[in-house]
There are 2 protein chains.
Amino acid sequence: MGVGTTGQGGRMSKGSRRQVTLEDVARLAGVSASTVSRSLSMPHMVRASVRESVLWAVSRLGYVPHGAARALARRRNATIGVIIPSLRFTVFADLVESLQAELGAAGYSVLLGHAGSDLRYEADQATALLSRGIDALVLVGNAHDQSLERMATNTGIPVVTTFDYRLDAPYPCVGIDNQAAGRALVDHLLDLGHTRIAALMPDERFNDRAARRLAGVRGALADRGLALHPQHLVLGDGAAEVGRAAMAELLGREPSPSAVVCFSDLVAIGAVVECRARAVSVPGAVSVAGFSGIGLAELTHPAITTVSFSAVDIGREAARLVLDRLDGDGQAPSVEVPHRLEQRASTAAPGP
Amino acid sequence: MGVGTTGQGGRMSKGSRRQVTLEDVARLAGVSASTVSRSLSMPHMVRASVRESVLWAVSRLGYVPHGAARALARRRNATIGVIIPSLRFTVFADLVESLQAELGAAGYSVLLGHAGSDLRYEADQATALLSRGIDALVLVGNAHDQSLERMATNTGIPVVTTFDYRLDAPYPCVGIDNQAAGRALVDHLLDLGHTRIAALMPDERFNDRAARRLAGVRGALADRGLALHPQHLVLGDGAAEVGRAAMAELLGREPSPSAVVCFSDLVAIGAVVECRARAVSVPGAVSVAGFSGIGLAELTHPAITTVSFSAVDIGREAARLVLDRLDGDGQAPSVEVPHRLEQRASTAAPGP
DNA sequence: GTGCCATCTGCAAACGCTTGCAGGTAGGAT
DNA sequence: ATCCTACCTGCAAGCGTTTGCAGATGGCAC
């Protein structure tokens, strides 16, 4: 490129004008590059008058520090990697937004990766982020690909996991007790008198939160001498359309359930919609419960019983943990975020 | 630091084991650093046998390239900045996810910033991303703070805007024609026979998409000799709860509207919920229309009439534009993403 | 006027990777 | 056997900042 005759030695193509460097600012301000650097990141180390003229030069030139160079010299990227299954799920969007706010306030940026529900793909994303340069990694759940774990220990960067709190977690984590939450939901239904309880959930092999919830569901049933009928377990990921389809499937099965727990509110909403479409009364003919407590679950008709918790809180606490590992003493413990059963209109005692 | 007596010269604190470098790999593979570098990024330039032993050394050492160093040397970050109002809005989450997928496939990562609805804050985020090192910037809408625009031209990085297509856009853009969309929605209501039409929308001063839609609304009304009654304009940002509140407000006003257009589907959902709570029939007593075509709008009862478009398409096209500016010939033109009026059950001819 | 101290400032060496250039090697043609 | 030509590989010079160290500067006490 650049065969032109334009002198000056300057590039012309594609807006790649040479970037303004510390050196340029230094020259204009009549000081050395080190002084400029210090004026910007350790202001107290330079005399006020000098600092002032440096600042003037900076703004005159529109100088913007070069992040990569800074990261290289400082051996710190000021960037946190966050890998989530998908932004389409409100809870993860909330997590990211919350993380971003907290970390941003502490001077860190968020580099985002999407993993779908495939641990293998998650590991790939992690590699990408790692080689892009991150100081810490935030993940969802406690089940991860071996290669990811190895990478994490190799590079020695802190990892924090979210949404699943458990004592034996491999990394510091912040989340809810999914097992207890699953149990609470089913206990509620059992207390209402249900015995034929079904579950609409993601494949537990790819989703350790779902696995824990399912364990809670089974546990609660077992405690009353009941069990989850094989016909009562329908797999499906967290979209409303999926909830509809899964509910349709379920309604055609024998024995027919009197209550359905969904591991996501959107799925529950879809399930309710399907019921209405088939003139199956909720909660008259079948009770439906959701999970996560997204705002919408409260507005539907009927309002949906759910286990609610705050993804925003999870994000905030996760950010705290990350910052503790990075700038603190690294001792901050995992935190359990509370969940609460929200009894609403979509669940009731089973009909006769 | 490190006053300890542990030999080896190795650091011990906080997992900051010295990072494995190209040099280390080179030594183990018995070649020079350049060869390792080339083996990894220009494989065809190195003999297969050599490459193989390099790769072996790489995996043995668990070498991960240092992004900052690479970015510094290459003068390219392989990172794209994306600033959106908030992830809480489905459309923006879809945008980000789509962008991330497309850009990721091309080897770029996404650095995320949230701007709320404040242009000033957006500019701050842009500064942060810029100094973190990005090769291009994706924004929402075509109205931005002057300082942001100055920064963009100064640094010369490509900017692509989304969600608002217009011929006079300052940067290449991809989005819908918001004015036409607003007009289409109101024309639909006018065709049904409505004359008292209200709008629930964000403050147009902070949201140029809303401003354009409003222009469309006013235009459509004017064409039929009508106008938006001042009492019929209620401000409120895009959450369902806000829609409820705004609808409550609106129902108390005189003259009472016979139809309400909401500039977001969630707001429309909230509005419908509020109507039900007050036993105001939709569409019997009042028609309600939404905007964006999120999946949920189809599942509510009644299903909500809306102008739908694909945020995923916008993301994909925006990614194309970015890549064109970065790796292509930079000639790819702005693209208008189509919108479509989805007539559903929430709108009907006004009652007597 | 001299000497000492406290503050500031500049020098230069990293940080880890890329890449133009030149040298080396091996294989084929003569 | 010799020379030429590809094809590989290594050297070393950056890329823009940070930061330990030492030198410079100025103020103050004597």
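Within every chain, numbering begins at 1; the chains are lettered A, B, ... in the order of the sequence lines, protein sequences first and strands thereafter. FYI, side chains are in, hydrogens and waters are out, and symmetry mates aren't considered; it's all heavy atoms of this structure.
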For [X] and [N], what is the distance between atoms [atom1] and [atom2] respectively, to the nearest whole Å?
X: A:Gln19; N: D:dG14; atom1: CD; atom2: C1'; answer: 15 Å
X: A:Met42; N: C:dT7; atom1: CE; atom2: P; answer: 15 Å
X: B:Met45; N: D:dT9; atom1: CE; atom2: P; answer: 9 Å
X: A:Arg76; N: D:dT17; atom1: CZ; atom2: C1'; answer: 16 Å
X: A:Leu72; N: D:dT18; atom1: CG; atom2: P; answer: 11 Å
X: A:Arg38; N: C:dC8; atom1: CZ; atom2: P; answer: 11 Å
X: B:Leu22; N: C:dT19; atom1: CG; atom2: C1'; answer: 13 Å
X: A:Arg27; N: D:dG16; atom1: CZ; atom2: C1'; answer: 13 Å

Angle of first-five versus last-five pair axes in the helix from C:dG1-D:dC30 to C:dT30-D:dA1, to 10 degrees: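 Here the local axes at opposite ends form an angle of 50°.
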Taking only Lys NZ, Arg NE, NH1 and NH2, and the carboxylate oxygens of Asp or Glu, determine whether A:Arg150 and A:Asp145 approach each other closer than 4.0 Å.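 Salt bridge: no.
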So that I can tick it off, tell me whether B:Asp118 and B:Arg120 are bridged by a salt bridge, with the cut-off set at under 4.0 angstrom between side-chain N and carboxylate O.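 Salt bridge absent between B:Arg120 and B:Asp118.
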Between [X] and [N], does any side-chain N or O lie under 4.0 Å from OP1 or OP2?
X: A:Arg47; N: C:dT9; value: yes
X: A:Arg70; N: D:dT18; value: yes
X: B:Thr35; N: D:dG10; value: yes
X: A:Ser37; N: D:dT18; value: yes
X: B:Thr21; N: C:dG16; value: no

Does B:Asn77 offer a backbone N or O that forms a donor-acceptor pair with the side chain of B:Asp135 under 3.5 Å?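 At least one qualifying donor-acceptor pair exists.
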By nearest nucleotide on DNA chain C, pick out whichever of A:Ser34 and A:His44 is the more 5' one.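 So the residue in question is A:His44.
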Check the side chains of B:Glu122 and B:His144 for a donor-acceptor pair under 3.5 angstrom, ignoring hydrogens and angles.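 Yes, a side-chain donor-acceptor pair sits under 3.5 Å.
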Check the pair B:Val174 / B:Phe163 against side chain to side chain contact (heavy atoms under 4.5 Å, CB included), numbers first and verdict last. CA-CA 6 Å; B:Val174 20; B:Phe163 282 98; over 6 Å; no
Once ring pair (Phe, Tyr, Trp, His ring centres under 6.0 Å) is applied, what residue pairs with a partner in residues 37-73 of chain B remain, sequence neighbours excluded?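 Residue pairs passing ring pair (Phe, Tyr, Trp, His ring centres under 6.0 Å), neighbours aside: none found.
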Measure distances between side-chain N and O atoms of B:Arg75 and base N and O atoms of D:dG16, and say whether any donor-acceptor pair falls under 3.5 Å.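 Answer is no: no donor-acceptor pair is held.
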Kindly indicate whether the side chain of A:Ser32 and the base of C:dC11 share any N or O donor-acceptor pair separated by less than 3.5 Å?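 Looking at the base of C:dC11, it does not pair with any donor or acceptor on the side chain of A:Ser32 (distance under 3.5 Å).
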Of B:Ala48 and B:Arg74, whose nearest nucleotide on DNA chain D comes first from the 5' end?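 Residue closer to the 5' terminus by nearest nucleotide: B:Ala48.
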Minimum heavy-atom distance B:His114-B:Ser86, with the two atoms named: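 Result for this residue pair: ND1-CA, 4.3 Å.
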